[in-house]
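Quantities reported herein were computed from a predicted structural model and do not represent experimental measurements.
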Amino acid sequence: MKRTKIAQLLAAEGPAPRVLVKGWVRTRRDSKEFSFLEINDGSCLGNIQAVVDAGIPGYDSVKEMGTGASVAVEGELVPSPGKGQAWEIKATSVALIGASDQDTFPLQKKRHSDEFLRTIAHLRPRTNKFGALFRIRSELALAVHRYFQERGFFYLHSPLITGADCEGAGEMLRVTTLTPGQMLGPEGIKADFFGKEAFLTVSGQLSAEPFALALGDVYTFGPTFRAEPSDTARHAAEFWMVEPEMAFADLTDDMDLGEDLLKYCIKAVMENRPSDLELFAKWVDTGLAERLDKLVGEPFERISYTEAIDILTKAKKSFEYPVGWGKDIQTEHERYLAEEHFGKPVIVYDYPKDIKAFYMRQNDDGKTVGAMDVLVPRIGEIIGGSAREERMDRLQARIDELGLSCESYGWYLDTRRFGTAPHAGFGLGFERLVMLVTGVTNIRDVIAFPRTYKHLEF
RNA sequence: UCCCCGGUAGCUCAAUCGGCAGAGCGGGUGACUGUUAAUCACUAGGUUGGGUGUUCGAGUCACCCCCGGGGAGCCA
C-alpha cells in the first residue's frame, strides 16, 4: 500500500476507509487502553493524530514509539471526536520503523534556542520552525525559476570553478589538488590540476553577460563562494545568488526587474505556504505580516545616491561613520534609510564611480555610474546591480585607469568589440531573501548546513 | 580582525556581600485520563567551558585560552 502524505490527509474533505502514513513521532500520550501518537512526515507543518488501541498489530512496540521515532500507521481516516484537530487516524496496525532513544535524543517537545539547534543541524529540520523554513526556502527557489521562465529568461549554468582572479568581488577560495608540499615544489602551480591557479566563483556575472548578449535575457541561480573573514549574521562562505542579466536594458529596467522579482517571490510564499509563513509571523517576528503586506503592496522608494547623502546629512541622528558625498553608505546609514526614514525598501542609484566596480556604466556627469542597490528593512542590501559599460573605449579607459591590466579580460572585452549592446543585471542574495520573508535574523538558520568563517561542520 | 555580552544538569535558566549547587522542562518508574506543551507522585542526573592565580574558603574576584551570541568592517 502506498503511503499518503500528511499534508493531503489534513486537507481531506471526507473520511477514508484505509490510509497508510509514515513519519516521525512528535509526541505520544498513553492511556491504559490506548495511545495517541502525533506524527509528522515533513510534508507540512501539521501533525496527524493516530489513536492506537491496545491489542492491534504492532501495539507491543508502542512504548518504543517515543519522540523522534519513525513509524508506519495504517488505519481509517475519521473525524476526530477530540478538540484540536479535524481528522485523526483510527489505527488498525502500527509498526516501528526506527526507534529513538529517549535518553539521548536531543529534541524535546518544548521550544529550543536557535543556538542549540545550530549544534544539531542534522536534526533541526525535524522541528516545526526549521521544517517550515526549508519548505519556504524551496518555495522561494521555485518562485525564482517560475518568475524568470514566465518572462522568457533562460537559465544559465555558470561555472563554479574559475581561473580568473580578477572577478573583483571579494576574496576567493582556492581549488587545488596539490598538497602544501607540492605547491612549494619546483613545478609549483604548473603541477596543479589545471596547470594554473583556480578558485571558486564569487559571481556568475562575467559568464552571464556574454550569454545575455546572445540569448537576450538570462539568469544564473547557484552557489557562490566568498573567503571574506566575515563573522556576522548576514554572511556565509557558501551561499546562493540569483543573477539576471538583460540585453538592451538600462538601469531603470534593472530596478524594475529587481523590485518586481522580490514582490513576486514574497507573494508566492504568501499564497503557497501560508501556514508555514504564519509560524514565523507568530513566533519569530510579530511585525512580519505587516511588513510583508507593505512590501508587496507599495512601490519601493527610489532615490539617487546624491539624494541619499542629502537625507543622511539632514538626519537628526548621530552616525558612527561620517556621511559625505563620495563615501560609502554604511550599514547604519542603510538601516536608517530603509527602516526609519522611509519605512520600506529603498533603491539607491547612481553611485560615485570611485566606490563601485570597473564594469559599471559611466554616467554623463563624469562622476557617477549606473549602479543600484536595493536596501530593505532589517537586512540592508539584498540586491546589488548595475547597467554595464557597453562602450569599448569607456570600458578600456576605466580598466587602464584602475590599473586592471588583467589578461583574462580579453574575452570579456570581445563582447564589447563585436556587436555590443546596452545591458544590465544584478545579484540577489538568496539567503537574504529567505531572511526577509521569514524574519529570521541569522543567515546560519536559513542554510541547511551553513559554511562560515572557521566553521565547516556536518 | 575590532568592540560588547555570555558559558552552571540533556534543554532553558536561578544562585544576594566570596560561605552547603537549585528550579522548570526533558528522561526513567508508577498512577490517572479522548489525550493534545496532558495531569499527579516518586526517582536518576553536576570536573559550574579549560587553565593559572588571589583567598581559610571561588559558580562568584584577577589573568590567559577555548566556545557561543550581538554589533562593526567587507559584502549578497
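Residues of residues 446-458 of chain A having a heavy atom closer than 4.0 Å to RNA chain B, listed by number: A:Tyr453, A:His455. For the segment residues 44-54 of chain A, residues with any heavy atom less than 4.0 angstrom from an atom of RNA chain B are, sorted by number, A:Gln49, A:Val51. Using a 4.0 Å cutoff on non-hydrogen atoms, no part of residues 56-69 of chain A comes near RNA chain B.
Across all strands shown, A:Leu107 has no heavy atoms under 4.0 Å from either base or sugar-phosphate atoms. A:Ile382 comes within 4.0 angstrom of sugar-phosphate atoms only, judged by non-hydrogen atoms across all strands, and of no base. Looking at heavy-atom distances under 4.0 Å, A:Thr331 makes contact with a base. A:Phe430 comes within contact range of no nucleotide atom at all, as no heavy-atom separation falls under 4.0 Å. Within the nucleic acid shown, A:Glu88 comes within 4.0 Å of at least one base atom, counting heavy atoms only. Looking at heavy-atom distances under 4.0 Å, A:Thr232 makes contact with a base.
Position along RNA chain B of the nearest nucleotide to A:Asp30 versus A:Met241 favours A:Asp30 as the more 5'-ward residue.
By the salt bridge (Lys or Arg N to Asp or Glu O under 4.0 Å) test, A:Glu209 pairs with A:Arg416, sequence neighbours left out. Checked against ring-ring contact (aromatic ring centres under 6.0 Å, His included), A:His333 has the following partners two or more places apart in sequence or in another chain: A:Phe319. Checked against salt bridge (Lys or Arg N to Asp or Glu O under 4.0 Å), A:Glu74 has the following partners two or more places apart in sequence or in another chain: A:Arg18. Shown here are the ring-ring contact (aromatic ring centres under 6.0 Å, His included) partners of A:Phe449, two or more places apart in sequence or in another chain: A:Phe458.
Between B:rU33 and A:Lys32, no contact under 4.0 Å exists linking OP1 or OP2 to a side-chain N or O. The side chain of A:Arg29 places an N or O atom within less than 4.0 Å of a non-bridging phosphate oxygen (OP1 or OP2) of B:rA38. Between A:Arg118 and the phosphate of B:rG69, there is a side-chain N or O to OP1/OP2 separation shorter than 4.0 Å.
Nucleotides B:rC64 and B:rG70 are separated by 24 Å at their C1' atoms, to the nearest Å. Nucleotides B:rG6 and B:rC13 are separated by 13 Å at their C1' atoms, to the nearest Å. The same atom, C1', is picked in B:rG24 and in B:rA14; the two are 10 Å apart, to the nearest Å.
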Listing time: all N or O pairs from protein to nucleotides 10-13 of chain B that are below 3.5 Å?
unit_1	atom_1	unit_2	atom_2	d
B:rG10	N2	A:Gln108	OE1	3.1
B:rG10	N2	A:Gln108	NE2	2.7
B:rG10	N3	A:Gln108	NE2	3.2
B:rC11	O2'	A:His112	ND1	3.4
B:rC11	O2	A:Lys110	NZ	2.7
B:rU12	OP1	A:Ser113	OG	2.8

For nucleotides 6-8 of chain B, which of its nitrogen or oxygen atoms have a protein nitrogen or oxygen under 3.5 Å away, and what is each distance?
none

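Base pairing in RNA chain B yields stems of at least 3 consecutive Watson-Crick or G-U pairs, both distances under 3.5 Å, namely B:1-7 with B:66-72, B:10-13 with B:22-25, B:27-31 with B:39-43, B:49-53 with B:61-65.
Between the base of B:rU33 and the side chain of A:Ser31 there is a donor-acceptor pair shorter than 3.5 Å. For B:rU33, the base has no donor-acceptor partner in the side chain of A:Glu33 [N/O atoms by modelled type, under 3.5 angstrom].
Residue pairs meeting the salt bridge (charged side-chain N to carboxylate O under 4.0 Å, His left out) criterion with at least one partner in residues 40-65 of chain A, sequence neighbours excluded, are A:Arg3-A:Asp41, A:Asp53-A:Lys90.
Between B:rG34, B:rG69, B:rG71, one nucleotide has an atom nearer to the side chain of A:Asn442 than all others, and that is B:rG69. The listed nucleotides are B:rG34, B:rG69, B:rG73; the one nearest the side chain of A:Gln330 is B:rG73.
The aromatic rings of A:Trp325 and A:Tyr305 stand perpendicular to each other, their planes meeting at an angle above 60°, with 30° marking the opposite boundary. Aromatic ring pairs are classed by plane angle as parallel below 30°, tilted from 30° to 60° and perpendicular above 60°; the pair A:Phe221 and A:His145 is tilted.
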### Query
When every nucleotide of nucleotides 41-47 of chain B is labelled 5' to 3' by its protein contacts under 4.0 Å (heavy atoms), B for base, S for sugar-phosphate only, - for none, what sequence of letters results?
-------

